[in-house]
Amino acid sequence: MHALNEAQIRAVEEGDGPVLVLAGAGTGKTRVIIERLAWLVSEKGVDPRYLLALTFTNRAANEMKARAAERLGLGRIAAWVGTFHAFGLYVLRREIEHLGRGGGFTVFDDADQLSLMKRLIKELPPAFERVSPREALNWISGLKQQLEAPKPEDAAAREDEALHRLWTQYHEALHNANAVDFDDLLVLPVKVFKAHPPSLERYQRRYRYVHVDEYQDTNHAQFVLAKLLSEGHGNLFAVGDEDQSIYSWRGADINNVLQFQETFPDARVLRLEQNYRSTKAILKAANAVVSNNVFRLGKTLWTDLDAGDPVRLYEAENDADEADFITADAALRNLPLHETAVLYRTNGQARVLEEALRKARTPYRVYGGIQFYSRKEVKDLLAYLRLVASPADDVSLRRILNVPPRGIGATTLEHLNSYARERNAGLMQVLRDVETDQTLNPRARKAIAAFVHLIDDLALAAKTQGPGALVKRIMDETGYRKYVEESDEKDFRARLEIVDEFASSCAQYDREHEGGADLLTFLQDLALVSDVDNLEPDAPSLTLMTCHSAKGLEFGHVYLVGLEEGLLPHASSQDSEEEIEEERRLCYVAMTRARQTLTLAYARRRVMYGESRPSEPSRFLGEIPEGSLDLAGQEAGAAPSRGRKGAAASAAPTEDIDVARIKMGTRVRHATFGDGTVMYTAGAGKKLRARIRFQTGRTREFMVSKAPLEIVEGKGR
DNA sequence: GAGCGAAACGAGGAT
DNA sequence: CGTTTCGCTC
């Protein structure tokens, strides 16, 4: 690792008070925080327990912890390093009594919220306008991230009326289920701090140096949390890059960066502009893209590294061809798989890639998408655990009440529901009372009594056994294992594997927490785990992940695929320039993950909703200067021929221009537009059309036989 | 109430 | 195309 440069040293050794480090991609942002933690401890003599560092992923936190400890020559560092949400959870656990909630609580994840909201909407009186569960949740989450609540006067519109009612119902349901959602992990601590200044002061005294990584991705709640914690001492050290702000849809507020100096008048703003990650070629291309954004402070990244290989572009016939090319190209170039990543905009793109990689027997790992903890089987078992730990958790109860089938079907559940509503009681309580209910048929009553018994037994076992042992018990006593085994002949093995993997990871927890494995704590921690947290950097396999997941990571070799209009930029972002700019930043983030080589790709056709549809190359491709992009896949053997029909080759030339020679990469000259390169062709013979990108950066499509074109040379490169 | 096939619906990104 | 919901039969 190189020595720190002057700008980095200035940042690390900046004195007390608010500091914003504006740092571009690959300039050593995280390292600056690590070095500063180390510097505060070893040079300034600060007790590490006074240090707080907040990140966005557990993976980033773990890396920070490990590197800071290593840097200080310690086994582990005593500073509090973790995600905002984990810190919120930590505060909530300790300050819960201030919220008038006794004992523990569970954390609802996205799927829990969704199933809760679905039920609430179903139960909405018919007079209310229908809203979708997702829409309602986004509305609620948006307000909470702003630390706001709905204003009664806004309930005028019919749709808002429903939303307002859902807000109330939703929070009542959370409260009754003894649960909090992700936003609550930030909102509730802020609430406690504002309502109980003495408890805030305790945290301020404890955490005298507050650090925030990826500051551009903080939402308002996170900003307020960081600001509150650093009030008094003022030691807020924020590191961020406005060009990498890609989470505005999750409530991230770029103004936290842009207005840092206004918020903290004595703040110092430092810049890091030397990139240590990428070659000149990669940096130039990435800069060319992001410089088209208007809403940025502007930085000029530069590097001392080599020019490196040119950035390549592969123009694929379709998505399968794109996947085949990447598979073949990575093999041909003999790339070290653990240093190679394929990045894409949407999780759905992983499927075709996986198929190609499996066929070629290239080992790979997909991060994100259908995550382990959101697999149906795991969620079912988790629901049992949660119900045992927290009997008020209706969402979990509903999930497993009849899984495996035990004779408590829809009719019975409807009956129970109306009972619960009438008496305003939790569903579990209703189940317990059912013995005295004569209106329910005896068969259902018997089934319910058996279920209540089962849960009580498990709850008893939970007092003496850890989560691992409990999961094993659940699988046996509820018949869940048998249920999976017998459910489906096709993929029951894979599902069984998932069940067993979950059981063994719980057993691992038992071993790590011998004696004191608290079920509720276990479940709370689990709710914050994400897939990228478990990234194994040295695993000998290709990494597949979304551009979003790749934030904060780097790879020797990167393939960025699906550079098409409608995908990157995504179709749902095309109506406003702000959204396009965020897509552009996302593209920039993805490109700057690469250290040595970057390969871009797009497909002329892509399968969506089960049908193949034509697609246009991304506007971001046109923003990369002509000379900075090489066409890939024309070396012999690199490109498989699947889907390629040789459109131009099959037809006889009719005009003075040799239509057969017009292919991807052909250099041509247009009478009015000048020199350019063929990006792709469509049609054949007289009807051959070609999209040409000119040196001016513009692209246009022509009917080759009609346009005033001449061929300058054969294939490009 | 369970199980099955048909029909309808739906994928943006994620702590 | 994959998943969820619907509607029918047993």
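Proteins get letters first, then strands, A, B, ... in listed order; numbering begins at 1 in each.
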Exercise for the section: Please determine if A:K29 and A:D213 form a salt bridge, counting it only when a charged side-chain N lies under 4.0 Å from a carboxylate O. Expected result: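 So A:K29 does not pair with A:D213 through a salt bridge.
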Handout entry: Electrostatic pair A:E355-A:K359, nearest N-O below 4.0 angstrom
Key =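 Between A:K359 and A:E355 there is no salt bridge, as every charged N stays at least 4.0 Å from the carboxylate O atoms.
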Distance check needed: [N] [atom2] versus [X] [atom1], whole Å only.
{"X": "A:K551", "N": "B:dT15", "atom1": "NZ", "atom2": "P", "result": "9 Å"}
{"X": "A:K144", "N": "B:dA14", "atom1": "NZ", "atom2": "P", "result": "21 Å"}
{"X": "A:D112", "N": "B:dA14", "atom1": "CG", "atom2": "C1'", "result": "15 Å"}
{"X": "A:L137", "N": "B:dA14", "atom1": "CG", "atom2": "P", "result": "17 Å"}

Handout entry: Phosphate OP1/OP2 of B:dG1: any A:T412 side-chain N/O under 4.0 Å
Key =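 Answer yes for this pair, as a side-chain N or O of A:T412 is under 4.0 Å from OP1 or OP2.
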Practice task
Take A:S572 and A:H570 through the side chain to side chain donor-acceptor pair (under 3.5 Å) test and state the conclusion after the steps.
Solution key: CA-CA 6 Å; A:S572 47; A:H570 194 269; 2.7 Å; yes
Handout entry: Comparing A:D110 and A:A410 on DNA chain B - which has the more 5′ nearest nucleotide
Key =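 With A:D110 and A:A410 compared, the 5'-side residue is A:A410.
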Handout entry: Earlier contact from the 5' end, DNA chain B, for A:T411 and A:T83
Key =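 Of the two residues, A:T411 wins.
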Problem - Between C:dT4 and B:dG13 - C1' atom distance, rounded Å - result: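 The answer is 23 Å between these two C1' atoms.
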Exercise for the section: Answer yes if the ring centres of A:F84 and A:F87 are under 6.0 angstrom apart, and no otherwise. Expected result: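 That pair fails the under 6.0 Å test.
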Handout entry: Pairwise distance CD1(A:I448) to OG1(A:T412) - rounded to 0.5 angstrom
Key =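 Between atom CD1 of A:I448 and atom OG1 of A:T412 there are 6.0 Å.
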Exercise for the section: Using a 4.0 Å heavy-atom cut-off, write out nucleotides 4-12 of chain B from 5' to 3' as B (base contacted by protein), S (sugar-phosphate only) or - (no contact). Expected result: ------BBB
Practice task
May I have the step-by-step check of side chain to side chain donor-acceptor pair (under 3.5 Å) for A:Q216 and A:E214, ending in yes or no?
Solution key: CA-CA 5 Å; A:Q216 76 281 355; A:E214 309 278 13; 2.9 Å; yes
Exercise for the section: Please determine if A:K551 forms a cation-pi arrangement with A:F56, meaning its NZ or CZ atom is less than 6.0 Å from the six-membered ring centre and no more than 45° off the ring axis. Expected result: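 Yes, cation above the ring, under 6.0 Å and within 45°.
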Please write out each protein N/O paired with an N/O of nucleotides 5-10 of chain C under 3.5 Å, distance rounded to 0.1 Å.
none

Exercise for the section: Would you please classify the geometry between the A:H548 ring and the A:W249 ring as parallel, tilted or perpendicular, with 30° and 60° separating the classes? Expected result: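 Ring orientation of A:W249 relative to A:H548: perpendicular.
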